[in-house]
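Accompanying notes for the structure given below.
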Amino acid sequence: MKGMCELCGREGVVLTVHHLTPKEYGGTETAKLCIPCHKQIHALYTNEELASRLYTMEQMQHDEQIASFVRWIRKQPAGRIPKIKKAKRQKR
């Protein structure tokens, strides 16, 4: 399904469903995110971190690391899916 990413605002991108609070923590509310935004969120933060402090779109938009990625991805064409690397602290 293509549409507009609720995080970066790019249009005509393939959308995925992101649980704002991870399902393992009982989350049911979702957001439609493009593949790069969705992958970046999970590369930066554990599900525990997402459940405790980044469980709304507003909180994600104000997070420094996510906001930095969003500023960059907005400049990329809709079809571009960059390689996303897990943060060093996530690899543990």
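Put simply, the side chain of His38 does not reach to within 4.5 Å of the side chain of Leu7, judged on heavy atoms. The closest side-chain heavy-atom distance from Pro36 to Phe69 is below 4.5 Å. Inter-residue side-chain proximity for Arg53 and Tyr45 is flagged as met; some heavy-atom pair is nearer than 4.5 Å. Taking the side chain as every heavy atom from C-beta outward, Ile41 and Ile66 approach each other to under 4.5 Å. Within the 4.5 Å cutoff, the side chain of Thr56 has no heavy atoms near those of the His62 side chain.
Open room surrounds CD on Glu58; 12 or fewer heavy atoms of other groups in view lie less than 6.0 Å from it. Atom CD of Gln61 is surrounded by more than 12 heavy atoms from other residues, nucleotides or ligands within 6.0 Å.
Put simply, NE2 on His19 and OG1 on Thr28 are 7.5 Å apart, with the number rounded to the nearest 0.5 Å. Taking NE2 of His18 as the start and CG of Leu50 as the end, the distance is 5.5 Å to the nearest 0.5 Å. A distance of 4.5 Å separates NZ in Lys32 from CE in Met1, rounded to the nearest 0.5 Å. How far CZ of Arg10 is from CG of Leu15: 10.0 Å, rounded to the nearest 0.5 Å. Here the CG atom belonging to Leu33 is positioned 6.0 Å from the CE atom belonging to Met60, to the nearest 0.5 angstrom.
The hydrophobic clustering, which links ILVMFWY residues whose side-chain heavy atoms are closer than 4.5 Å, places Leu20 and Leu54 together. Connection of Leu44 to Met57 is established within a shared hydrophobic cluster, with ILVMFWY side chains joined at heavy-atom distances below 4.5 Å, either directly or through further cluster members.
Listed by chain and number, the residues in a side-chain contact (heavy atoms from CB on, under 4.5 Å) with Tyr55 are Thr21, Gln59 (sequence neighbours excluded).
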Let me have the donor-acceptor pairs involving side chains of residues 70-79, under 3.5 Å, with sequence neighbours excluded, atom names and distances please.
residue: Arg74; atom: NE; partner: Cys8; partner atom: O; Å: 2.9
residue: Gln76; atom: OE1; partner: Arg80; partner atom: NH1; Å: 2.6
residue: Gln76; atom: NE2; partner: Trp72; partner atom: O; Å: 3.3

